[in-house]
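The structure appears right after this line, and notes come after that.
One-based numbering along the sequence shown. Read the numbers this way: they start at 1 and go in the same order the structure lists the ligands and their atoms.
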Amino acid sequence: MRRPVALVRAVPDSFVSCVTSRPVSPPLYPDRAREQHAGYVAALEAGGFAVFGVPADESHPDCSFIEDAAVVVGRRALLTNPGHPSRRGEGRGVGAVLSGWVAVEEMEAGTLDGGDVLQAGGRVFAGLSARSDATGVAMLARFCDPIEVVPVPVRDTLHLKSGVSALDEETVLWHPAACSREVFTGLRVIEVPGADPEAANVVRLPDGSILVAAHQVVTADLVAAMGYPVRPVDVSEFARADGGLTCLSLRLRSVSVVSSTA
Ligand code: CIR
């Protein structure tokens with residue numbers, strides 16, 4: 001059977017030095033992150049992706065958050081210029097692998113993290129955040145043309161997708177800390193209750209099931225009650241480094257390979 005491709009990036013020993021919004025104690029554990037990463041990959045595969053790995057880059061502690069390094073639209077990819085200086089250069093290794101699958105371009109100006117880019121309902125929503133600026137979003141709009149890019153001021157989350165993600169082509173899961181719900185005209189918007197915006201960060205899998213962080217039990221119940229099969233996965237070590245589920249993979253939904261994996 002044919003399966004769409006997802007890329008993940010291995011966890012470096014330097015993971016202990018990830019950028020974090022607040023001090024992390026006890027320190028981050030690369031080995032625990034690697035175990036959880038393996039579970040994440042297994043869940044992507046169980047849900048229908050063919051998963052390929054990009055080698056870790058020790059000079060970039062956050063490299064496993066591969067989603068931030070590129071935006072893939074159809075069969076083209078834009079390597080981003082990440083907003084945090086320590087993350088610049090992550091795109092080199094990612095671009096080398098991506099170019100085997102899609103046409104790769106580079107941003108010419110501005111900053112953009114892939115975590116600020118949400119594709120839903122035939123449009124591209126682009127967060128204006130502490131990491132992604134107006135010039136970066138304009139570069140994205142040029143890259144995506146003729147697909148509409150909707151700039152979205154991000155409220156209190158690291159990235160737009162830290163608090164909003166797609167359940168299917170018509171539906172987004174949304175937490176009010178991320179942005180105004182009014183931007184999602186024409187889409188069904190499901191509000192996630194509670195204090196943690198990351199509860200709205202899920203990954204939809206090719207078989208229609210939804211990957212949910214194991215500790216987000218309210219989200220799991222909400223999504224299950226709507227009729228979606230739920231796949232819980234433990235990513236708590238990545239959450240301590242401000243990462244969610246979407247940021248651990250780059251999904252190439254328009255690129256598929258023949259795969260015999262069950
Ligand atoms: C950072 O601060 O850049 C990383 N520690 C976490 C990035 C998470 N990425 C994402 O939500 N797309």
- For the side chain of Asn201 and the backbone of Leu245, is there at least one donor-acceptor N/O pair under 3.5 Å apart?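 Pair found, side chain donor or acceptor close to backbone of Leu245.
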
Would you mind checking if [Y] and [X] are paired as a salt bridge, meaning a charged N to carboxylate O distance below 4.0 Å?
{"X": "Arg87", "Y": "Asp68", "answer": "yes"}
{"X": "Arg32", "Y": "Glu35", "answer": "no"}
{"X": "Lys161", "Y": "Asp113", "answer": "no"}

Give one line per pair: atom of ligand 1, protein atom, distance. Only N/O to N/O under 3.5 Å.
{"unit_1": "ligand 1", "atom_1": "2 (O)", "unit_2": "Arg131", "atom_2": "NH2", "d": "2.9"}
{"unit_1": "ligand 1", "atom_1": "3 (O)", "unit_2": "Arg87", "atom_2": "NH1", "d": "2.9"}
{"unit_1": "ligand 1", "atom_1": "3 (O)", "unit_2": "Arg131", "atom_2": "NH1", "d": "2.8"}
{"unit_1": "ligand 1", "atom_1": "5 (N)", "unit_2": "Val19", "atom_2": "O", "d": "2.7"}
{"unit_1": "ligand 1", "atom_1": "5 (N)", "unit_2": "Asp62", "atom_2": "OD1", "d": "2.7"}
{"unit_1": "ligand 1", "atom_1": "5 (N)", "unit_2": "Ala241", "atom_2": "O", "d": "2.8"}
{"unit_1": "ligand 1", "atom_1": "9 (N)", "unit_2": "Asp68", "atom_2": "OD2", "d": "2.8"}
{"unit_1": "ligand 1", "atom_1": "11 (O)", "unit_2": "His159", "atom_2": "ND1", "d": "3.1"}
{"unit_1": "ligand 1", "atom_1": "12 (N)", "unit_2": "Glu67", "atom_2": "OE1", "d": "3.1"}
{"unit_1": "ligand 1", "atom_1": "12 (N)", "unit_2": "Asp68", "atom_2": "OD1", "d": "2.9"}
{"unit_1": "ligand 1", "atom_1": "12 (N)", "unit_2": "Asp68", "atom_2": "OD2", "d": "3.4"}
{"unit_1": "ligand 1", "atom_1": "12 (N)", "unit_2": "His159", "atom_2": "ND1", "d": "3.4"}

- Query: Among all residues two or more places apart in sequence or in another chain, which pass the side chain to side chain contact (heavy atoms under 4.5 Å, CB included) test with Asp207?
  - Reply: Leu205, Ser209, Arg231

- Do Gln216 and Asp196 have a side chain donor and acceptor closer than 3.5 Å?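 Judged by distance alone, the side chains do pair up.
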
